[in-house]
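What follows is one structure encoded as structure tokens, with my remarks underneath.
Order of the sequence lines fixes the chain letters, A, B, ..., with proteins taken first and strands second; residue numbering starts at 1 for each chain.
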Amino acid sequence: MNRNHTQVALIGLTLLALSQSAGAMHISEGILTPQWAGLWYLLVLPLVAWGLRDLRIKSAREPFFKPMVGLIGAAVFVISCMPVPVPSAGTCSHPCGTGMAAIFIGPALTVLVSSIALLLQALFLSHGGLTTLGANVMSMGVVGALVGYGTFRFGRRLGLAGWLAAFMAGVLSDWATYATTAFELASALHGDESFWRLFGGIGLSFLPTQLPLGIFEGVMAAGVYQFIAARRPSLLVCLGVERAAKGGAE
Amino acid sequence: MMNEGTMALEADAVWFSYPDGFVALTDVTFRVRQGGFVAMLASNGSGKTTLIKVLAGLLKSQRGVTRIHGRELGAYPQSELYQRVGLVFQNPNDQLFCATVQDDVAFGPRNLGLPEAEVQQRVAHALAAVGAEHLAGRAIHHLSYGQQKRVAIAGVLAMKPPILILDEPTAGLDPLGEHEMLRLLGELNRDQGITIVLATHSVDTLPLFADRIYVLNQGQVLKEGTPEEVFLDTEMIQRASLRLPYVTRLLHELQRFDGVPIRGMPLTVREARDQLLDLIPEHLIEEVPLP
Amino acid sequence: MMNEGTMALEADAVWFSYPDGFVALTDVTFRVRQGGFVAMLASNGSGKTTLIKVLAGLLKSQRGVTRIHGRELGAYPQSELYQRVGLVFQNPNDQLFCATVQDDVAFGPRNLGLPEAEVQQRVAHALAAVGAEHLAGRAIHHLSYGQQKRVAIAGVLAMKPPILILDEPTAGLDPLGEHEMLRLLGELNRDQGITIVLATHSVDTLPLFADRIYVLNQGQVLKEGTPEEVFLDTEMIQRASLRLPYVTRLLHELQRFDGVPIRGMPLTVREARDQLLDLIPEHLIEEVPLP
Amino acid sequence: MSLLSELFSDLFASRDNVMTRLDPRVKVVAALALLVGVVFATSPVLPLALFVGCAVVAGAGGVPIRFIGMRLAGPLAIAGMLLLLQGLLTGTTPLWSFAPFGMRITITAEGWRTGVVMASRVLGGTGVMLLLSAVTPAHRIFLALRSMGVSKGWVEIAMLMYRYIFVLLDLTADVASAQRLRLGYSSVRRGMSSAGVVAGVVVLRAVDQAVRTNEAMRVRGYRGEIPTGVMRPLTLRDWLLMTAVVVAMGAAHILTEWNT
Ligand SMILES: Nc1ncnc2c1ncn2[C@@H]1O[C@H](COP(=O)(O)OP(=O)(O)OP(=O)(O)O)[C@@H](O)[C@H]1O
Ligand SMILES: Nc1ncnc2c1ncn2[C@@H]1O[C@H](COP(=O)(O)OP(=O)(O)OP(=O)(O)O)[C@@H](O)[C@H]1O
Ligand SMILES: [Mg+2]
Ligand SMILES: [Mg+2]
């Protein structure tokens with residue numbers, strides 16, 4: 001069927017509304033078909049197992065590690081619940097926090113922690129869901145963490161200041177998360193429409209909120225990094241974020 | 001009963017319930033005259049913090065009105081509201097968020113958009129008012145607990161609020177720190193005319209400073225009056241899970257159980273000493289070596 | 001001076017400095033007899049928490065030895081050490097890390113590898129000892145502050161330690177809560193023979209409960225003795241930035257400045273009342289209606 | 001913030017009623033069965049029935065309507081938009097066509113149908129999760145997951161996180177209020193930097209808390225393993241209940257999907 005411009009515009013508006021509504025940052029319960037839900041679970045499980053392995057090895061060496069991961073997990077969860085006024089959308093949204101978490105505890109543990117955080121949000125806030133947990137862990141936990149971690153490490157290697165690398169990590173991990181979410185939504189929703197057209201549509205409709213939100217997420221990551229570098233540089237060394245010699249290098 | 005015109009802070013038949021349905025304030029009326037020093041006295045969980053947050057506009061009461069200087073709280077724009085009421089939280093850790101003392105105290109004035117010279121002047125004044133000038137350049141995390149409490153107050157004073165509300169300002173301080181904190185508040189009240197409202201459950205030091213006390217219990221005002229009026233109602237004090245100040249209790253027991261004639265309710269060591277001296281016969285009293 | 005054989009806890013000429021070089025304990029000697037109820041009394045930042053952590057083996061002193069039941073602390077395997085000494089932190093949030101009361105109290109016994117039946121029995125006993133049986137199934141985050149403090153103690157009691165060390169157990173509690181907490185500790189001490197060591201800076205309630213007091217100041221022991229001995233040394237009390245209990249201060253001032261003959265240092269309302277009654281002539285005393 | 005900690009705290013799940021007394025494993029298995037029924041549905045009947053059923057049971061169990069509404073607002077909006085989106089995107093047979101302001105909009109029959117199914121699945125799935133969390137405290141859910149084979153490390157971290165979320169939420173609320181009172185959010189730029197500081201405070205405090213929690217754990221015998229608690233064995237009644245739910249779900253699935 002040929003769609004006229006009005007129709008296309010309306011689709012765009014709907015997508016826009018969808019991307020703004022509470023919980024749209026995670027794929028809502030029931031949206032994915034069993035096949036898609038299962039696929040994302042399959043892809044994500046080994047990575048969660050990777051995080052668990054990391055946890056087991058490190059906490060056998062140093063018992064302090066478990067409370068540490070639990071508390072940082074709780075902190076990132078709380079930060080991800082902080083409402084952020086997004087002027088362009090006129091609504092509140094919130095950051096993901098996974099890029100930031102990956103800087104501090106590494107990508108493996110971030111996957112683990114985000115799987116827990118997402119389950120809690122699904123249970124208590126109706127954000128995301130159990131059947132879509134795999135897909136959400138993939139976009140937020142896996143992609144967000146890997147991109148955040150990679151960006152930070154790479155940035156530091158290039159000699160960027162710590163706060164700048166953290167800022168980049170926050171921005172890129174947020175955008176990568178949303179690109180993945182758009183991919184997952186488009187692949188499940190495109191119907192007769194071409195996947196790419198819908199992917200583009202969803203991606204575009206995320207833009208007005210996600211561009212500023214990504215930047216906000218970057219500011220947040222940089223803020224946390226700066227704050228800790230100023231107040232407790234030894235912590236960055238202890239967490240393996242920075243090397244001892246340049247501990248707290250700003 | 002009081003002249004409406006001079007009320008600094010006023011909550012009128014306020015009800016507040018938390019989202020889970022728990023009713024934390026039931027029909028609370030709380031009035032503070034300009035230049036007053038008023039204490040909320042209550043045991044844990046009676047609603048002091050809740051009332052404070054309602055007074056400062058952080059929580060919105062479901063019923064009743066709150067007025068500041070006679071004008072409804074909701075009618076103030078944010079920035080004006082917070083220049084009228086300063087709120088000091090219980091835990092200084094929660095309100096000192098900049099790296100150095102100076103920066104932290106300057107946080108409010110800078111947000112007001114004042115020129116830097118004025119900001120610096122306010123910072124200096126505020127730190128001087130709490131006796132912490134020497135700490136200006138120090139990092140927050142190197143301060144002791146008592147110092148942190150002072151700096152937290154300075155941060156609020158730098159906004160120059162005519163009304164200062166403090167949630168348990170003496171909690172966690174040792175006896176000396178407690179006394180100094182209350183003296184500091186007394187000075188702010190007397191010398192700078194700042195209206196002071198504080199929440200506390202420490203009964204012993206209060207009577208020296210507060211001119212009025214509101215006793216809360218389970219979200220209700222049980223009694224309101226001068227320290228003497230409040231502590232004379234021993235039955236009410238018990239109902240509020242509080243106790244008399246120790247000195248008062250001693251004299252109260254002497255009167256109640258031993259029949260010693262005590263006038264009123266001596267609340268301080270000073271008053272108690274005077275009354276007891278009147279009762280003890282001259283011949284028992286020994287010569288005191290002059291100090 | 002005391003019989004070495006019966007010492008539950010002993011720190012001998014202990015020095016401790018933090019990694020940043022700050023010397024928090026200077027040559028501290030601290031001894032607690034089995035079955036004793038000993039208080040460390042000191043103002044903020046005097047080293048109470050540091051000493052407690054050294055006694056519990058969480059910090060290692062650089063000089064001096066710490067002994068538990070006569071044996072050096074380092075000689076105990078971890079699991080045995082923590083069955084001998086139970087440590088209750090000041091902030092219950094630090095210590096309640098499981099989701100429910102039951103699980104939290106069971107944490108210690110489960111770590112000991114006890115069979116589940118025994119674990120449950122210990123949990124039940126420990127909760128009963130602190131009067132919190134009814135809280136067993138509750139989530140920690142639904143408890144009030146006072147309840148949390150009790151549950152924190154239960155979690156340590158479930159390890160059945162003969163020695164219990166508490167860091168400011170009454171901080172943040174209202175007068176009633178404070179009194180109940182101290183009564184609870186007194187009961188544990190009397191009925192179950194548990195040796196109790198607590199840190200505090202609240203002088204008023206202490207004399208009722210502690211049989212010995214150590215006064216610390218800036219990492220040093222200023223004085224050690226029974227409550228009477230300690231508070232008789234008013235000059236030392238001042239040096240430690242502390243004060244006399246209010247009742248004591250009243251009688252002390254009557255004696256010192258007004259020449260009223262007071263014997264010793266009455267520390268409680270009870271004692272003060274008895275002494276004052278002896279001084280007030282019969283003819284002034286009125287008839288008391290029997291209650 | 002306090003609203004958030006309200007939503008999280010398993011306030012209603014800690015009440016005592018028929019649903020809360022059920023063994024959490026039964027409830028988790030039942031919820032899983034219902035969710036499977038929901039995602040496999042190709043007709044809206046079953047998901048919608050489950051949605052209504054779950055909301056009603058939750059309401060009957062004492063969860064305030066306002067609370068249910070708050071939880072369902074997001075999913076309802078999403079469901080509505082999915083409906084519209086599918087109606088516009090999929091299919092060729094026009095169902096409705098109208099032209100407000102002279103612009104032609106056509107909703108197709110096929111699209112409408114898929115949209116309805118999808119929307120019903122969102123609602124059904126959300127309803128099931130709502131009910132599960134409204135009658136089961138979080139730690140019981142974690143325990144049930146543990147006994148169903150979820151890794152111990154995952155459950156340990158989940159329990160720790162859940163416990164300390166409340167402590168950190170309080171902290172966040174207090175720090176943010178203190179900033180607000182000193183006009184830390186009076187412009188977007190200030191708001192951003194204030195929020196960054198809150199995040200920094202939260203992370204730093206979390207680390208400090210971890211140090212103290214670790215000390216407190218050590219004095220109670222912790223050496224790297226957090227005991228997660230034990231569950232009593234399932235009774236015959238529990239097994240029967242689980243089987244009944246699974247069988248009923250299967251039957252309902254067959255019944256509602258019969259003609260498709
Ligand atoms: N966010 C909340 N949700 C539900 N109930 C709450 C909340 N905050 C406080 N309460 C309840 O409201 C009552 C009053 O609490 P509030 O903190 O005002 O007491 P308080 O007098 O300040 O006590 P404290 O001396 O312990 O600080 C308490 O019973 C408390 O449990
Ligand atoms: N980790 C640390 N590094 C360096 N100095 C420290 C550290 N912890 C405490 N101190 C210092 O050691 C001294 C003693 O601290 P401690 O906490 O033992 O005192 P306290 O008597 O328990 O005080 P409070 O009544 O405030 O709890 C203080 O001056 C404090 O600043
Ligand atoms: Mg309070
Ligand atoms: Mg201490």
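Contacts between D:Leu171 and chain A at a heavy-atom distance below 4.5 Å are absent for every atom of the residue. Within the 4.5 angstrom heavy-atom criterion, atoms from both the backbone and the side chain of A:Leu120 approach chain D. If you measure heavy-atom distances from D:Leu32 to chain A, the contacts under 4.5 Å come from the side chain alone. Looking at D:Leu132, the atoms closer than 4.5 Å to chain A (heavy atoms on both sides) all sit in the side chain, from C-beta outward. For chain A, the nearby parts of D:Val211 are the backbone and the side chain; heavy atoms of each come within less than 4.5 Å. Heavy atoms of A:Leu55 lying under 4.5 Å from chain D belong exclusively to its side chain. Of the two parts of D:Thr126, the backbone and the side chain both hold a non-hydrogen atom closer than 4.5 Å to a non-hydrogen atom of chain A. The parts of A:Phe64 that come within reach of chain D are both its backbone and its side chain, each placing non-hydrogen atoms under 4.5 angstrom from that chain. Heavy atoms closer than 4.5 Å to chain D are found in both the backbone and the side chain of A:Ala122. For A:Leu235, the part sitting under 4.5 Å from any heavy atom of chain D is the side chain, from C-beta outward, and nothing else. With a 4.5 angstrom heavy-atom cutoff, A:Val113 touches chain D via backbone and side-chain atoms both. Of the two parts of D:Met217, only the side chain, counted from C-beta on, holds a non-hydrogen atom closer than 4.5 Å to a non-hydrogen atom of chain A. With a 4.5 Å cut-off on non-hydrogen atoms, D:Leu145 touches chain A through its side chain but not through its backbone. Of the two parts of D:Val201, the backbone and the side chain both hold a non-hydrogen atom closer than 4.5 Å to a non-hydrogen atom of chain A. There is no contact between A:Arg56 and chain D, counting heavy-atom distances below 4.5 Å. Interface remark: A:Leu32 contributes backbone atoms only to the contact with chain D (heavy atom separation under 4.5 Å). Neither the backbone nor the side chain of A:Ala221 comes within less than 4.5 Å of any heavy atom in chain D. Only the side chain of D:Tyr222 comes within contact range of chain A, with at least one heavy atom under 4.5 Å from a heavy atom of that chain. For A:Thr132, no part lies under 4.5 angstrom from a heavy atom of chain D. Only the backbone of D:Arg223 comes within less than 4.5 Å of a heavy atom in chain A; its side chain stays farther off.
Salt bridge annotation for D:Asp208-D:Arg212: absent, with no cationic side-chain nitrogen under 4.0 angstrom from a carboxylate oxygen.
Counting only distance, with no hydrogens or angles, the side chain of A:Glu217 and the backbone of A:Gly97 share a donor-acceptor pair below 3.5 Å. Not a single donor-acceptor pair under 3.5 Å links the side chain of A:Asp54 to the backbone N or O of A:Ala108. Using modelled atom types, one side-chain atom of A:Lys66 and one backbone atom of D:Gly224 make a donor-acceptor pair closer than 3.5 Å. No donor-acceptor pair closer than 3.5 Å links the side chain of A:Ser28 to the backbone N or O of D:Pro75.
For chain D, the option among A:Glu62, A:Arg232, A:Met68, A:Arg61 with the highest count of heavy-atom pairs below 4.5 Å is A:Arg232. Of all the listed residues (A:Ser59, A:Gly223, A:Gly73), the one sharing the greatest number of non-hydrogen pairs under 4.5 Å with chain D is A:Gly73. Chain A forms the most heavy-atom pairs under 4.5 Å with one residue out of D:Val202, D:Thr213, D:Leu160, D:Leu204, and that residue is D:Leu204. Counting heavy-atom pairs closer than 4.5 Å to chain A, the top-ranked of the candidates D:Ala134, D:Ala158, D:Ala119, D:Ser120 is D:Ala158. The candidate from D:Gly196, D:Gly153, D:Ser133 with the greatest count of non-hydrogen atom pairs under 4.5 Å with chain A is D:Ser133. Considering only heavy-atom pairs separated by less than 4.5 Å from chain A, the leading option among D:Met118, D:Arg121, D:Arg205 is D:Arg121. Put simply, of A:Val48, A:Leu130, A:Ile72, the one with the most heavy-atom pairs under 4.5 Å next to chain D is A:Leu130. Ranked by heavy-atom pairs under 4.5 Å with chain A, the first of D:Ala210, D:Gly80, D:Pro47 is D:Ala210.
Put simply, the side chain of A:Leu125 does not reach to within 4.5 Å of the side chain of D:Arg71, judged on heavy atoms.
Between the side chains of D:Arg190 and D:Ser186, at least one donor-acceptor pair of N or O atoms lies under 3.5 Å. Defined by atom type and a distance below 3.5 Å, a donor-acceptor pair is missing between the side-chain atoms of D:Thr228 and D:Arg146.
Rounding to the nearest 0.5 Å places CE of D:Met159 at 11.0 Å from CD1 of A:Ile116.
By the 30° and 60° cut-offs, the orientation of the rings of A:Trp40 relative to A:Trp36 is parallel. Ring pair A:Phe199/A:Trp196 is perpendicular by interplanar angle, where above 60° counts as perpendicular and below 30° as parallel. The aromatic rings of D:Tyr162 and D:Phe142 stand perpendicular to each other, their planes meeting at an angle above 60°, with 30° marking the opposite boundary.
In this structure, D:Arg140 places its CZ atom where only 12 or fewer heavy-atom neighbours from other residues, nucleotides or ligands lie under 6.0 Å away.
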Exercise for the section: Please step through side-chain contact (heavy atoms from CB on, under 4.5 Å) for the pair A:Ser126 and D:Met129, ending with a clear verdict. Expected result: CA-CA 7 Å; A:Ser126 307; D:Met129 293 296 270; over 6 Å; no
Exercise for the section: I would like to know whether D:Lys152 and D:Glu225 meet salt bridge (Lys or Arg N to Asp or Glu O under 4.0 Å); could you show each step before the answer? Expected result: CA-CA 9 Å; D:Lys152 185 160 185 303; D:Glu225 289 286 311; 3.3 Å; yes
Problem - Derivation and outcome, side-chain contact (heavy atoms from CB on, under 4.5 Å), residues A:Leu123 and D:Ile141 - result: CA-CA 10 Å; A:Leu123 275 170; D:Ile141 296 180; 3.8 Å; yes
